[in-house]
Structure formats: structure tokens, C-alpha cells
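Working notes, structure below.
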Amino acid sequence: MSKSPFVALSLAILVASAAAAAPQAQPVQPAPQPALARVVILATGGTIAGVQPKEGQAGYKSGSVSVESLVAAAPGLEKLAAIKGEQIASIGSQDMNDFVWIKLARRASELLASPDVDGIVVTHGTDTLEETAYFLNLVLKSDKPVVLVGSMRPSTELSAEGPSNLYNAMSVAADPAARGRGVLVVANDTLHAARALQKTHTTSVQTMISVNRGPVAEVLKGTKTVWFLPPAATAPKGTFSIAGLDAMPRVDIVYGHENSDGVQVRAAMAAGAKGIVLAGVGDGNATKETIDALTEAAKAGVVVVRATRVGSGIVRRNIEVNDDKLGFVAALELNPQKARVLLRLALTKTKDVTEIQRIFEEN
Ligand code: ASP
């Protein structure tokens with residue numbers, strides 16, 4: 001009688017489990033430790049590095065302590081990554097400028113290209129953090145994590161949240177799951193995509209919100225990061241090259257309000273603006289006088305982008321303003337300050353409004 005294959009399989013399982021149960025002499029070896037990720041902190045200043053002249057005083061000076069002090073204030077950081085620090089600038093981010101941006105982007109780009117670096121953390125003031133994060137997202141070409149972090153309370157304040165934010169930023173920068181997700185921002189235990197986040201409160205630690213899309217992840221300290229969005233949702237763009245970029249064209253933001261006239265638009269043109277972003281009322285609207293002035297600007301070759309001062313929502317083409325007829329671009333999801341960043345970079349490539357609208361759709 002031939003043996004059933006099931007009997008043969010059962011016998012094999014019995015033999016295998018008996019072998020597994022038999023005590024075997026094992027050489028005692030410590031389990032191999034995974035190598036720590038190598039992360040470089042590029043420090044630029046901000047409240048995270050701020051110091052109060054007197055304890056308990058509301059006033060403080062941004063960008064006062066060094067990158068070494070930031071690391072020393074966050075115990076446990078050394079267990080997350082092998083860390084190096086560099087001071088790129090020591091400024092409040094209200095003073096952020098093209099010189100620091102280009103220096104920061106060039107250095108980040110160099111480090112990301114190195115096989116000895118696994119990720120980057122950028123410490124930054126919160127005022128213009130969303131603009132820097134978006135700028136870096138547009139010019140850095142790498143899958144390695146780049147994580148920006150700041151704080152709302154200066155380093156000397158009661159319950160300063162900088163060390164905790166820095167710890168979270170380091171854990172994300174060292175995490176292979178953060179690769180291929182574009183430039184990220186950590187704040188108050190949440191993680192945001194550069195394109196989506198916005199500062200929404202003057203002083204609260206809960207200030208960074210991804211208004212239209214929600215956060216990318218929650219950073220659960222000491223355990224793991226829980227990702228809400230797939231990598232494709234925030235994939236790196238790197239549309240523009242930092243290599244030959246020494247200057248970016250001037251773009252001004254014109255603020256919409258009741259009874260606005262064309263004065264701001266004409267002042268921007270007189271200052272040499274190559275582009276104007278309207279922080280319009282509602283769905284990117286403005287008074288007839290302002291729209292007329294913007295139309296004159298567009299006819300003179302200044303690229304006009306309509307965004308909104310509202311704080312959330314999407315400004316589409318041709319709703320109450322005939323963009324096709326007037327030659328305007330719609331900012332879509334970008335708030336005025338981010339539309340300005342993208343327009344400046346777009347203008348380094350083209351002045352064609354159809355092409356610039358396409359760039360807004362893809363970035
Ligand atoms: N003014 C500060 C800055 O942006 C605010 C902060 O960092 O929270 O540098």
C-alpha cells in the first residue's frame with residue numbers, strides 16, 4: 001500500500017518538531033545591534049534656540065543657543081542616532097532670507113548626497129518654517145528624510161517643548177520608513193508635509209496644522225511613528241535645482257481687503273516685482289480696482305497668482321475671476337506665502353502663465 005502524502009507530511013512534521021524540542025548546545029553570543037542612523041542637525045536659530053533675559057519674562061531673543069546646547073537639552077537623543085551638528089545661521093525666522101535659504105539648501109544637498117549621512121534635521125523658527133520647508137521640498141532631490149523642527153516656547157521657559165520636538169524630529173530622521181516622503185515638519189507630536197502645513201496660532205504649541213489634508217503621521221515618543229498617509233502623498237519633488245541658483249526674482253504679496261485699490265499692486269511693480277501673489281478675500285477675490293491693477297500688471301508681463309487670505313481651501317481657476325481672460329494663475333492649495341515661494345522658483349524657468357499654472361498643479 002502506498003503511503004498517503006498527508007501521512008508522509010505528518011511524519012515529517014513530527015520529526016521536525018522532535019528535532020526542534022531536543023536541547024542543543026548553542027554558542028552564547030550577544031545579539032547584533034543594528035547600526036545607528038547617521039543624522040546631521042543643521043541649526044538656523046528660532047525660538048527653539050531662544051533665551052529669556054529673565055526667568056518668567058514673556059520676552060526672549062530667538063537663535064541664542066548653539067546646536068550643541070540643543071542636543072544636550074534632549075536626553076536620549078544619542079540612542080536614536082549618531083549625531084553631528086552644524087550652525088547654518090542664528091536668526092529668528094522672521095529674518096529668514098535668500099542668502100540663508102541657499103546656504104541651507106546647498107549644505108543639505110551635499111550632505112544628502114553623502115553615503116555617510118542617513119537623514120537631516122533642520123532646527124528653525126516657527127514664523128517662516130512653512131516657507132523654508134516648502135522651499136527645501138522644491139529644491140532637494142533625495143529620498144533620505146529631511147525633518148524641520150522648531151518650538152513655540154524658548155529654551156529657558158517653563159515646559160519648553162523644544163527638546164521633546166527635537167527628540168521626535170530625530171526619531172523620524174533616523175527612521176527608514178520616513179524615506180521617500182519629501183520634507184517633513186515635526187510639531188507637537190505630529191508630523192506634517194511641507195506643502196500642507198501652516199502656522200495657525202501666534203503662541204500656542206498646537207500651532208502647526210495641515211489645513212486641507214491633515215497630518216502625515218503621529219509621532220509616539222519612545223515607541224513608533226504611526227503613518228496616516230502613504231509615501232506617495234508627500235513624495236519628494238525636487239523640481240528645481242539649487243546648483244546654479246544664486247538669486248530668485250522678486251515676488252510681492254498684495255493683501256486683499258474691503259475698499260482695496262491698486263496702490264499695493266503699483267508699488268510692487270515700481271519695486272521691480274516679476275510676480276505678484278494676491279492674498280485675496282474669499283476664493284481669491286479682490287475689488288474691481290485691485291483686479292484692474294492686477295490686469296495692468298499681467299499685461300506688463302508681471303505674473304499674477306490668485307491665492308486667499310482665508311487660511312484654508314482651494315482657489316481654482318475661473319470661478320468669480322476670469323483667469324483665462326485676464327491671464328492670471330490660480331494658487332490652488334497653496335497659501336499666499338507658499339504660492340510666493342513656488343512662483344519665485346517657477347520664474348527662474350519661465351514667464352509663461354500656462355506653464356506656471358501647470359507647475360502649480362504639479363508641486
Ligand atoms: N519668531 C520666532 C522665529 O520664527 C518664533 C518661533 O520660532 O517660534 O524664529
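Every number for a ligand or one of its atoms is a count from 1 in the order of the listing. Starting from 1, each residue takes its place in the sequence as its number. Just so you know, these numbers come straight off a predicted model, no measurement behind them.
Between Q94 and ligand 1, at least one N/O pair is under 3.5 Å apart. Checking only distances, K199 never comes within under 3.5 Å of ligand 1, N or O to N or O. At a 3.5 angstrom cut-off on N or O pairs, T128 does not count as close to ligand 1. Ligand 1 has no nitrogen or oxygen under 3.5 angstrom from a nitrogen or oxygen of H124.
In summary, the side chains of T47 and Y60 do present a donor paired with an acceptor at a separation below 3.5 Å, with no hydrogens or angles considered. Using modelled atom types, one finds no donor on one side chain facing an acceptor on the other under 3.5 Å when comparing E218 with T190. Side chains of Q198 and T200: no donor on one and acceptor on the other come within 3.5 Å.
Of the protein's non-hydrogen atoms, T126 OG1, 2.5 Å is the one closest to atom 8 (O) of ligand 1. Annotation: atom 9 (O) of ligand 1 to nearest protein heavy atom, S93 N, 2.7 Å.
Seen from the ring of W227, R181 counts as a face-on cation partner, given the 6.0 Å and 45° thresholds.
With respect to the salt-bridge test (charged N to carboxylate O, under 4.0 angstrom), the residues E333 and R195 qualify. Residues D143 and R179 are not paired through a salt bridge, judged by the lack of any N-O separation under 4.0 Å between the basic side chain and the carboxylate. E130 and K199 are not joined by a salt bridge, as no carboxylate oxygen comes within less than 4.0 angstrom of a charged side-chain nitrogen.
Heavy-atom distances between S62 and ligand 1 reach below 4.0 Å in at least one pair. Look at G63 and you'll find every heavy atom at least 4.0 Å from all atoms of ligand 1.
Looking at every heavy atom in both residues, A346 comes nearest to I356 through CB-CG1, 4.3 Å.
Shown in contact with T47 at under 4.0 Å from a heavy atom are these atoms of ligand 1, numbered in order with element: 2 (C), 5 (C), 6 (C), 7 (O), 8 (O), 9 (O). Taking a cut-off of under 4.0 Å to the non-hydrogen atoms of S151, the atoms of ligand 1 that pass are 6 (C), 7 (O), 8 (O). Within ligand 1, the atoms closer than 4.0 Å to a non-hydrogen atom of G92 are 9 (O), numbered from 1 in the order shown.
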